[in-house]
Each structure stands twice: as C-alpha cells, then as structure tokens.
Amino acid sequence: QQPVQSPQAVILREGEDAVINCSSSKALYSVHWYRQKHGEAPVFLMILLKGGEQKGHEKISASFNEKKQQSSLYLTASQLSYSGTYFCGTENSGNTPLVFGKGTRLSVIA
Amino acid sequence: DAGVTQSPTHLIKTRGQHVTLRCSPISGHKSVSWYQQVLGQGPQFIFQYYEKEERGRGNFPDRFSARQFPNYSSELNVNALLLGDSALYLCASSLGWGQANEKLFFGSGTQLSVL
C-alpha cells in the first residue's frame with residue numbers, strides 16, 4: 001500500500017521552515033525518509049520505528065505517530081542545499097519491502 | 001569504500017528487445033533490491049534478494065526477472081520491452097533483510113529508454 005505524501009510541492013525562502021507529511025492506511029512497522037536531488041540517487045536521511053520516536057539529522061527531524069499511522073518530516077531554517085524531492089518509505093512488517101510515496105518536491109530559494 | 005555501482009548508466013532499446021541491468025552492492029551488504037522510478041514518481045519496488053534468494057516481488061509482469069550471485073551482485077532482466085518500461089532503474093543494497101532498521105543505499109541508476 002503506497003503511502004500518501006503531502007504537500008506535493010513546496011517553495012521556501014532560505015531560513016523558512018517546512019513540514020512534509022506521510023500517511024498510510026495500514027499499520028506501520030517503520031518509516032524511512034530519503035532525499036533525491038535532480039539526476040541523483042535517493043539518499044538516506046533517517047528511519048523511525050514504532051514507538052512515536054523523533055529523530056534528527058542536522059536541522060531536519062522527524063516524528064512517527066503509530067496510532068495515526070503517519071510520519072512528519074520537519075525542516076527548520078532551510079538552506080539552499082535542502083532542495084530536492086523527499087520520499088517517505090514505509091514498511092508494514094519486518095519482512096515486507098519498502099514502499100515509497102510519490103514524493104514532495106522542495107525548492108529553497110535565496 | 002565504493003558505493004552501490006550500476007551498469008550501464010544509460011541504455012536505449014527498441015520495443016520487443018531484451019535488457020540486462022547489473023548492480024554491485026556495497027562490500028559486506030548481502031541484500032539487493034530493485035526499484036523502477038518513472039519521472040516525477042517515487043521508486044516502485046520490483047524485487048528484493050537476500051543471500052541469493054528472492055525475498056520479495058512487486059507488482060510487475062513476468063517479463064521482469066532477477067537473480068543474485070554468490071558475490072551478492074545482482075542482475076535485473078526485462079524481456080519483450082514495452083514503451084512503458086522506459087524509466088530509471090535503481091538498485092539498492094542493505095546489510096541484511098527483515099530488520100526494521102535496514103537502511104537502503106541506492107546506486108545512481110540505469111536510465112532505460114525504449115523506442
């Protein structure tokens with residue numbers, strides 16, 4: 001079951017904050033976040049496991065709400081280097097493959 | 001250390017032809033997954049192999065097949081190519097399989113164009 005990401009696209013000025021959401025209609029085992037720059041491979045950002053934990057990576061953090069079956073990625077004080085497409089990938093159990101959402105295109109402008 | 005390497009980087013084929021894409025995982029990684037990414041969409045899961053055995057298969061026709069070799073490298077084969085097979089094919093490796101904290105490390109992909 002493909003997770004749903006929102007928004008589809010967002011434009012930010014440097015220093016602004018953004019939130020990207022990822023939701024699933026099925027119970028989640030884990031949520032993975034990746035960033036893909038144009039013409040490049042997706043790059044791993046972080047994994048969140050059941051338990052509602054929050055993780056951080058530079059000024060990028062994420063939360064996982066198991067009950068709501070959703071995860072949110074928080075980008076604070078955005079930098080030009082944050083531009084790219086952000087994908088969430090979800091697992092419904094330990095032995096199921098990672099299923100990616102359609103992505104959120106983030107553009108940070110000066 | 002080398003990352004995930006894929007070959008070729010670009011490929012142009014005509015309808016009905018066959019194609020083989022290759023992937024070498026990061027040293028020490030025993031699992032390889034294949035994804036198809038159409039422009040503007042997220043990667044779509046095709047196959048996952050771990051210890052040379054298929055561990056997962058996505059919703060793709062039987063024209064798609066794959067295998068993993070004893071050195072953990074992998075091949076993705078697509079027969080009877082259709083125009084709709086045009087996409088970026090990504091290979092990702094991970095240490096193992098079945099654990100929630102398995103990070104995927106992606107290669108740069110093979111851009112396949114079917115004319």
Side-chain angles (χ1 to χ4, degrees), chain A residues 1-6 8-9 20 22-24 27-53 55 57 62 64 66 71 73 84-107, chain B residues 2-7 9-10 21 23-26 29 31-51 53-60 64 66 87-111:
Chain A
Q1 192 77 22
Q2 185 176 40
V4 177
Q5 288 186 235
S6 64
Q8 291 184 332
I20 300 172
C22 173
S23 63
S24 173
L28 294 176
Y29 185 66
S30 71
V31 179
H32 301 222
W33 286 96
Y34 288 78
R35 177 172 63 205
Q36 184 176 32
K37 293 183 179 287
H38 183 69
E40 299 180 9
V43 174
F44 170 80
L45 291 176
M46 64 191 75
I47 293 177
L48 299 104
L49 306 178
K50 288 197 302 184
E53 65 181 286
K55 282 199 166 186
H57 174 80
F64 179 18
E66 185 183 340
S71 175
L73 187 71
T85 301
Y86 289 78
F87 295 100
C88 69
T90 57
E91 292 178 296
N92 298 118
S93 71
N95 295 334
T96 56
L98 202 57
V99 179
F100 288 93
K102 292 185 176 181
T104 295
R105 187 168 183 174
L106 178 73
S107 300
Chain B
V4 178
T5 57
Q6 291 187 243
S7 63
T9 55
H10 295 83
L21 310 181
C23 171
S24 292
I26 292 172
H29 285 196
S31 178
V32 169
S33 300
W34 287 96
Y35 286 82
Q36 180 196 66
Q37 187 176 27
V38 174
L39 192 63
Q41 299 293 316
Q44 296 292 308
F45 173 73
I46 310 176
F47 287 108
Q48 182 173 22
Y49 278 78
Y50 173 69
E51 289 285 14
E53 290 192 16
E54 183 182 299
R55 303 292 181 166
R57 172 185 284 253
N59 189 24
F60 280 79
F64 289 75
L88 179 67
Y89 288 83
L90 294 165
C91 172
S93 76
S94 57
L95 274 171
W97 169 77
Q99 301 296 321
N101 58 352
E102 289 290 353
K103 305 172 189 175
L104 293 184
F105 294 85
F106 284 89
S108 297
T110 294
Q111 185 65 55

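What's counted below: heavy atoms across the whole structure, side chains too, no hydrogens, waters or symmetry copies. Just so it is clear: chains get the letters A, B, ... in the order the sequence lines come, proteins before strands, and each one is counted from 1.
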Any residue meeting salt bridge (Lys or Arg N to Asp or Glu O under 4.0 Å) with Glu51(B), in chain and number order, not counting sequence neighbours
Lys30(B)
Just give me the residue among Gly101(A), Gly103(A), Pro97(A) that pairs up with chain B most often, heavy atom to heavy atom, under 4.5 Å.
Pro97(A)
Contact check, side chains of Thr9(B) and Gln111(B), non-hydrogen atoms, under 4.5 Å:
no
Engaged part of Leu90(B) at the chain A interface, taking heavy atoms whose separation is under 4.5 Å:
side chain
Less than 4.5 Å to any heavy atom of chain A: does that hold for the side chain of Tyr50(B), its backbone, both, or neither?
neither
Rounding to 0.5 Å, atoms CZ (Phe106(B)) and OG (Ser33(B)) come to a distance of 8.0 Å
Which label fits Tyr34(A) and Phe100(A): parallel for a plane angle under 30°, tilted from 30 to 60°, or perpendicular past 60°?
perpendicular
Contact class of Gln44(B) relative to chain A, heavy atoms under 4.5 angstrom:
side chain
Using 30° and 60° as the class boundaries, would you call the ring planes of Tyr49(B) and Phe47(B) parallel, tilted or perpendicular?
tilted
Heavy-atom proximity to chain B below 4.5 Å, by part of Gln5(A)
neither
